[in-house]
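All remarks here apply to the structure that follows.
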Amino acid sequence: MVAGCRVPSLSGRRVSRLLPLLPAWLSSVGLSAYGVCLLIYAPLSAAGVLPRLKPSGVFTTGSGVTWMVAFGGLAFAGLGFGLIAAARSYSARTRPVCASPSA
């Protein structure tokens with residue numbers, strides 16, 4: 001354990017599996033869904049099926065905004081799916097093992 005990272009009130013106590021897993025699962029589902037929605041919206045907007053994104057701020061063209069939305073979707077989806085993989089791995093590694101009866 002790294003020095004300086006101790007929590008005095010929790011020293012020596014076990015942490016419930018749900019304490020890190022619940023926020024990880026909830027946020028990963030939201031991030032993944034948002035990223036996938038952006039990845040679907042960007043090409044449909046570029047094709048004219050959905051309303052085009054209007055440029056504002058530093059973007060001077062609609063295609064610049066569309067690319068920004070597409071790359072943002074990749075970032076959010078990648079982060080969400082990575083968090084799903086990490087939460088699933090942690091869940092599998094910390095799963096309680098049932099004791100088998102000795103015969």
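Pro23 pairs by the side chain to side chain contact (heavy atoms under 4.5 Å, CB included) definition with nothing, not counting sequence neighbours. For Ser27, there are no side chain to side chain donor-acceptor pair (under 3.5 Å) partners two or more places apart in sequence or in a different chain. Contacts of Phe76 classified as ring pair (Phe, Tyr, Trp, His ring centres under 6.0 Å), with partners at least two apart in sequence or in another chain: Tyr34. Applying the side chain to side chain donor-acceptor pair (under 3.5 Å) test to Arg17 and every residue at least two apart in sequence or in another chain returns Ser91, Thr94. In this view, Phe71 and Trp67 satisfy the ring pair (Phe, Tyr, Trp, His ring centres under 6.0 Å) rule, not counting sequence neighbours.
With rounding to the nearest 0.5 angstrom, the CG atom of Leu21 is 10.5 Å from the CG atom of Leu26.
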Go through Trp25 and Leu83 one step at a time and tell me if the side chain to side chain contact (heavy atoms under 4.5 Å, CB included) criterion holds.
CA-CA 8 Å; Trp25 283 116; Leu83 193 54; over 6 Å; no

Let me have the donor-acceptor pairs involving side chains of residues 35-47, under 3.5 Å, with sequence neighbours excluded, atom names and distances please.
{"from": "Tyr41", "atom 1": "OH", "to": "Pro51", "atom 2": "O", "distance (Å)": "3.0"}
{"from": "Ser45", "atom 1": "OG", "to": "Pro51", "atom 2": "O", "distance (Å)": "3.3"}

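Of all heavy-atom pairs spanning Ser28 and Gly80, the tightest one is CB-O, 3.5 Å.
By the rule that hydrophobic residues join a cluster once side-chain heavy atoms approach within less than 4.5 Å of another member, Val65 and Leu74 end up as members of separate clusters.
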